[in-house]
K.L.:
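Structure incoming, see below.
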2 protein chains.
Amino acid sequence: MERTGTPGKDAGTGRLNRRIVVRAALELVDADGLEALSMRRLGQALGRDPMALYRHAAGRKELLAGVVELVLEELEVFPDDTDWQAQLRRMAHELRRVCLLHPNVVPVLVTGPLSTPLGLRPAGTLKPLEQILGTLIAAGFTPVSALHVYRAFYGFLYGHILNELQELVADPDENEALLRLGLQRLPLRDFPHLRRMAPELLEYDGERELDQGISILLDGLGQQLAVSTGR
Amino acid sequence: MERTGTPGKDAGTGRLNRRIVVRAALELVDADGLEALSMRRLGQALGRDPMALYRHAAGRKELLAGVVELVLEELEVFPDDTDWQAQLRRMAHELRRVCLLHPNVVPVLVTGPLSTPLGLRPAGTLKPLEQILGTLIAAGFTPVSALHVYRAFYGFLYGHILNELQELVADPDENEALLRLGLQRLPLRDFPHLRRMAPELLEYDGERELDQGISILLDGLGQQLAVSTGR
DNA sequence: CAAGCAAGTGTACGACGTATGCCTACAGTG
DNA sequence: CACTGTAGGCATACGTCGTACACTTGCTTG
């Protein structure tokens, strides 16, 4: 089997392994989007026949699960901090950071769990759940309460990230024109408010929005905890 | 052009229009999932050549946007209510209800906006935004504040719905076995808490979870409003 | 060295979205 | 009535996709 003269840094030389394959997949997705990830394209990028990839990933879907796992591995884990609220805030910003680095992965990161029962998910994708459980249980929450907080927290977080990624645009000027035009096109009778909110819509600060959202959540949680403790 | 003898209720008889096409697409997705929706399958279901569908939808992606619009049309709009918090709670449950009716549509409902700027979205998909803006502005919020509340609220809502749909299972007994097995498979060192939380994980009440989440949000909002009003 | 296994490839199939050009039916107009 | 324009539909084909299956190659181990 001749392998010399194949283009690319590591492509075509040495044996593949799962990590190499998944990493190349992530690079492809980051560069050209989810739909650009085909087994043929990936095989080409690695200097291999596409069929070779099936030695390292069961199929395209499972490969994408590996990509998600790889992205979540980039989440930094923090030393134990006694302030669980500060911890949650940090985790939120960390997930935001990672998702902003890999915006094209977010759709599959967010919808993947819909088609994979928790018992079948790759361990790496369950790390955030374990992390929050650990943080909250260490802070005195019962496992049930910790789980409820996780659901509310991550529910909001995913929603926020989806919102923020919508605001990412290549060209802000072009976006403004498009938005104003699009809003004008809406029927006045049905959209009296939205039609005149272009300035507000154009002003978006994702980090601040996230901070405010987390504050709302934590305030509300604080109040609920006070209520259930005061009983 | 002979049209007689074509199977199906309305399939094959009369002219298509966009509504018929989009509705048939929704039925296909509801029955067999998003991936089952191909132009060929849809054409077959309608007793038409797949190429005929392009007269009514620009392409598959735009067709899916129409499906989402159709689903959002099912959201009931309520008479004006002076209690904006009760309104928000109702809207949340209404969206939940509709999403539970069409779980297969949720992935595209949630991720669609990532690839379509707001100015290019079908008007129907912007109805929820307008509704919340209207409700909050009528309750005295400024447009900016209303927009921020919308983002926090809908962010949480989408996250909650994604969570809840994960919990939908065909066979609860099989799910339990799978979950227990899956949790046991996790390394104890990395997942000390999650590994023993099968009972808690198995107990899920989506409606209650949503109610509690909304309460958390509204409490937190109430507190933030009190802070900014007390300035 | 031989056997076994992991990694890789050749070939092909069924399926996909949609470009392009042509056909049919119908409505409107002179 | 004949003609034109338009909406709806279809035939053909192309490039692309995921992956089944069988075979080949390379490496490791006894």
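In what follows, chains carry the letters A, B, and so on, assigned in the order in which the sequence lines appear, proteins first and then strands, with residues in each chain numbered from 1. All values below were derived from every heavy atom in this structure, side-chain atoms included, with hydrogens, water molecules and symmetry-related copies excluded. Quick caveat: nothing in here was measured; it's all calculated off a predicted structure.
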K.L.:
Do B:Glu35 and A:Arg60 meet the salt-bridge criterion of a basic N to acidic O distance under 4.0 Å?
P.N.:
no
K.L.:
Using the side chain to side chain contact (heavy atoms under 4.5 Å, CB included) rule, pick out the option among A:Val108, A:Asp30, A:Leu26 that qualifies with A:Val67.
P.N.:
A:Leu26
K.L.:
Test B:Phe156 against B:Leu210 for side-chain contact (heavy atoms from CB on, under 4.5 Å), laying out the working first.
P.N.:
CA-CA 9 Å; B:Phe156 167 75; B:Leu210 178 59; 4.0 Å; yes
K.L.:
Can you pull out the residues from residues 32-41 of chain A that lie within a 4.0 Å heavy-atom distance of DNA chain D?
P.N.:
A:Leu37, A:Ser38, A:Met39, A:Arg40
K.L.:
Find the distance B:Arg18:CZ to D:dG8:P and express it as a whole number of Å.
P.N.:
12 Å
K.L.:
Name all residues meeting the side-chain contact (heavy atoms from CB on, under 4.5 Å) criterion together with A:Glu94; count only those two or more places apart in sequence or in a different chain, and write none if there are none.
P.N.:
A:Leu75, A:Glu76, A:Phe78, A:Arg97, A:Val98
K.L.:
At under 4.0 Å, does any side-chain N or O of B:Arg15 touch on OP1 or OP2 of D:dG8?
P.N.:
no
K.L.:
Mind running a 4.0 Å heavy-atom check of residues 50-60 of chain B against DNA chain C and sending the residues that fall below it, in number order?
P.N.:
B:Met51, B:Tyr54, B:Gly59, B:Arg60
K.L.:
To the nearest 0.5 Å, how far apart are CG in B:Leu126 and CG in A:Asp190?
P.N.:
11.0 Å
K.L.:
For the CD atom of B:Glu74 and the CD atom of B:Glu69, what is their distance to the nearest 0.5 Å?
P.N.:
12.5 Å
K.L.:
Output yes when A:Glu176 and A:Arg180 qualify as a salt bridge under the 4.0 Å nitrogen-oxygen rule, no when they do not.
P.N.:
yes
K.L.:
Is it true that B:Glu62 and B:Arg18 make a salt bridge, defined as a side-chain N closer than 4.0 Å to a carboxylate O?
P.N.:
yes
K.L.:
Please report, rounded to the nearest Å, how far the P atom of D:dC10 is from the CG atom of B:Leu16.
P.N.:
8 Å
K.L.:
Quickly work out the B:Leu63 CG to C:dG17 P distance and round it to whole Å.
P.N.:
10 Å
K.L.:
Rounding to an integer number of Å, can you tell me how far A:Asp49 CG sits from D:dT24 P?
P.N.:
15 Å
K.L.:
Distance check needed: C:dA7 C1' versus A:Ile20 CD1, whole Å only.
P.N.:
12 Å
